[in-house]
Amino acid sequence: MRKVIFNEDFKDFQIGEFPYDRDYTALGEYHYLMPKGYRGNWYDPISIYTWRGMGGTWLITGDKEKKYLEQNRGNVFASHFADLSAVLVLREKVYAGYHMTFDIRLFDLENASGVVFNYISSKKYYAFYF
């Protein structure tokens with residue numbers, strides 16, 4: 001029997017953008033600031049100045065029956081940011097062995113999408129990508 005340590009269906013989120021540093025401030029670029037707004041158990045650790053004016057990285061979407069998290073960025077990483085990916089991190093650290101299930105729908109087959117685990121920083125983690 002497996003013990004469920006975390007389950008997310010995004011039902012507590014409002015439809016719209018996941019909170020982020022809307023002004024892409026210098027402080028937000030060099031130090032992680034928790035933006036205002038409901039984030040649930042998640043945070044977005046990556047703030048890149050080249051995204052200024054492009055809106056948030058993550059959207060909560062859905063219909064009357066179910067809500068979804070949608071990555072809204074596309075492939076905008078270039079130059080010395082080319083090795084970054086848009087990541088949403090679970091704030092609670094899970095150190096023990098675990099079993100993960102998730103649903104993913106790919107809208108773009110050109111770029112990788114998947115699940116990150118053993119997250120240390122926005123450049124140090126393991127990932128299962130499609």
Side-chain angles (χ1 to χ4, degrees):
M1 185 167 110
R2 293 188 175 117
K3 176 183 173 186
V4 175
I5 55 175
F6 184 75
N7 182 37
E8 180 65 76
D9 59 9
F10 301 102
K11 69 180 179 181
D12 296 337
F13 287 82
Q14 295 292 321
I15 298 291
E17 291 180 317
F18 188 85
Y20 66 100
D21 179 10
R22 293 181 181 278
D23 297 323
Y24 293 105
T25 63
L27 190 57
E29 185 177 338
Y30 297 106
H31 305 281
Y32 184 73
L33 298 175
M34 289 290 184
K36 293 178 183 176
Y38 181 73
R39 295 177 310 281
N41 293 305
W42 305 94
Y43 70 94
D44 182 353
I46 301 173
S47 179
I48 305 256
Y49 72 93
T50 58
W51 294 350
R52 186 182 305 269
M54 294 179 64
T57 303
W58 301 98
L59 292 174
I60 305 298
T61 63
D63 52 35
K64 293 179 183 177
E65 298 174 14
K66 193 170 183 178
K67 290 184 180 173
Y68 306 92
L69 175 70
E70 182 177 313
Q71 197 269 349
N72 189 40
R73 185 59 55 210
N75 187 16
V76 298
F77 300 103
S79 183
H80 53 283
F81 296 117
D83 61 342
L84 289 179
S85 297
V87 176
L88 198 65
V89 178
L90 180 65
R91 287 191 286 165
E92 179 182 336
K93 300 219 183 285
V94 180
Y95 294 103
Y98 46 86
H99 173 85
M100 181 186 306
T101 60
F102 61 94
D103 296 320
I104 188 169
R105 182 169 49 171
L106 304 174
F107 294 110
D108 176 1
L109 300 178
E110 297 292 320
N111 300 295
S113 295
V115 175
V116 167
F117 54 98
N118 291 347
Y119 177 88
I120 297 170
S121 73
S122 59
K123 287 190 170 188
K124 290 187 176 188
Y125 54 80
Y126 293 117
F128 179 73
Y129 281 120
F130 293 95

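Positions are given from 1, in the same order as the sequence printed here.
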Between Pro19 and Lys36, what is the shortest heavy-atom contact and its length? CB-O, 3.3 Å
Could you check Phe13 against Glu8 for side-chain contact (heavy atoms from CB on, under 4.5 Å), going step by step and ending with a plain yes or no? CA-CA 11 Å; Phe13 287 82; Glu8 180 65 76; 4.0 Å; yes
For residues Gly62 and Ile15, report the shortest heavy-atom separation together with the two atoms involved. N-CD1, 3.8 Å
Thr57 vs Tyr20, test: side-chain contact (heavy atoms from CB on, under 4.5 Å). Steps then yes/no. CA-CA 8 Å; Thr57 303; Tyr20 66 100; over 6 Å; no
Would you kindly confirm whether Leu106 and Tyr68 end up in one hydrophobic cluster when ILVMFWY residues are joined by side chain heavy atoms under 4.5 Å apart? no
Should Leu69 and Ile60 count as side-chain neighbours, where that means a heavy-atom distance under 4.5 Å? yes
Would you say Tyr126 has more than 12 foreign heavy atoms packed within less than 6.0 Å of its OH? no
Specify whether Trp42 and Phe10 have parallel, tilted or perpendicular ring planes, treating 30° as the upper limit for parallel and 60° as the lower limit for perpendicular. parallel
Less than 4.5 Å apart, side chain to side chain, heavy atoms only: is that true for Asp9 and Lys66? no
How long is the gap from CD on Gln71 to CD1 on Ile104, to the nearest 0.5 Å? 10.0 Å
Looking at CG of Leu88 and CZ of Phe18, how far apart are the two atoms once the value is rounded to the nearest 0.5 Å? 4.5 Å
Any idea how Tyr125 and Tyr119 line up, ring-wise: parallel (<30°), tilted (30 to 60°), or perpendicular (>60°)? parallel
Separation between CH2 of Trp58 and CD of Glu70, rounded to the nearest 0.5 Å: 10.0 Å
Using modelled atom types and a 3.5 Å cut-off, is there a donor and acceptor pairing between side-chain atoms of Arg105 and backbone atoms of Asp103? no
Atom of Tyr129, atom of Val116 and distance for their closest heavy-atom approach: OH-CG2, 4.5 Å
Lys67 and Lys11 have their tightest heavy-atom pair at NZ-O, 3.5 Å
